[in-house]
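The next block holds one structure in the form of structure tokens; read it before the comments.
Because the structure is a prediction, the values reported are computed rather than measured. In what follows, residues are counted from 1 in the order of the sequence shown.
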Amino acid sequence: MDGTAGGIGVILILAFIFWLYIWLPASMAADRGRSSVGWVILTLLFSPFITIIALMVLGPTVEMALARMRN
């Protein structure tokens with residue numbers, strides 16, 4: 001082995017961590033009308049699983065829900 005497989009594995013693991021800690025909470029927060037940066041910071045402080053569950057439980061903001069009802 002020349003080490004290429006190990007390098008690809010590391011890149012895949014880093015991509016998954018980026019997706020879990022940065023992209024997923026940020027996109028979920030933006031879809032619900034909440035602060036993407038704030039939720040990413042909460043994810044870094046606590047756990048991505050806690051923030052994802054919290055975003056699912058909280059749902060969209062009142063403004064976002066009203067805007068969706070108008071359309």
Next item on the list: Starting from Leu14, walk the hydrophobic network (Ile, Leu, Val, Met, Phe, Trp, Tyr; side-chain heavy atoms closer than 4.5 Å) and list everyone else you reach, by chain and number.
Entry: Val10

In a table with atom names and distances, give each donor-acceptor pair under 3.5 Å that connects a side chain of residues 62-71 to protein atoms at least two apart or in another chain.
residue : atom : partner : partner atom : Å
Arg68   : NH2  : Asp31   : O            : 2.6
Asn71   : ND2  : Ala67   : O            : 3.3

Margin query: Hydrophobic cluster membership, with links at side-chain heavy-atom distances under 4.5 Å among I/L/V/M/F/W/Y: are Leu20 and Ile53 in one?
Written below: no

Only distances under 3.5 Å count here; give the side-chain donor-acceptor pairs of residues 35-49 to other protein atoms, sequence neighbours excluded, each with its distance to 0.1 Å.
residue : atom : partner : partner atom : Å
Ser35   : OG   : Gly38   : N            : 3.1
Ser36   : OG   : Ala26   : O            : 3.1
Thr43   : OG1  : Trp39   : O            : 2.8
Thr43   : OG1  : Thr51   : OG1          : 2.9
Ser47   : OG   : Phe49   : N            : 3.2

Check: According to a 4.5 Å side-chain heavy-atom criterion applied to Ile, Leu, Val, Met, Phe, Trp and Tyr, with indirect links allowed, do Phe16 and Ile8 form part of one hydrophobic cluster?
Finding: no

Notebook entry, point to check: Between Leu55 and Arg32, which heavy-atom pair has the shortest distance, and what is it?
Noted result: O-NE, 3.2 Å

Check: If we only count heavy atoms from C-beta on, is the Met28 to Met56 side-chain gap below 4.5 Å?
Finding: yes

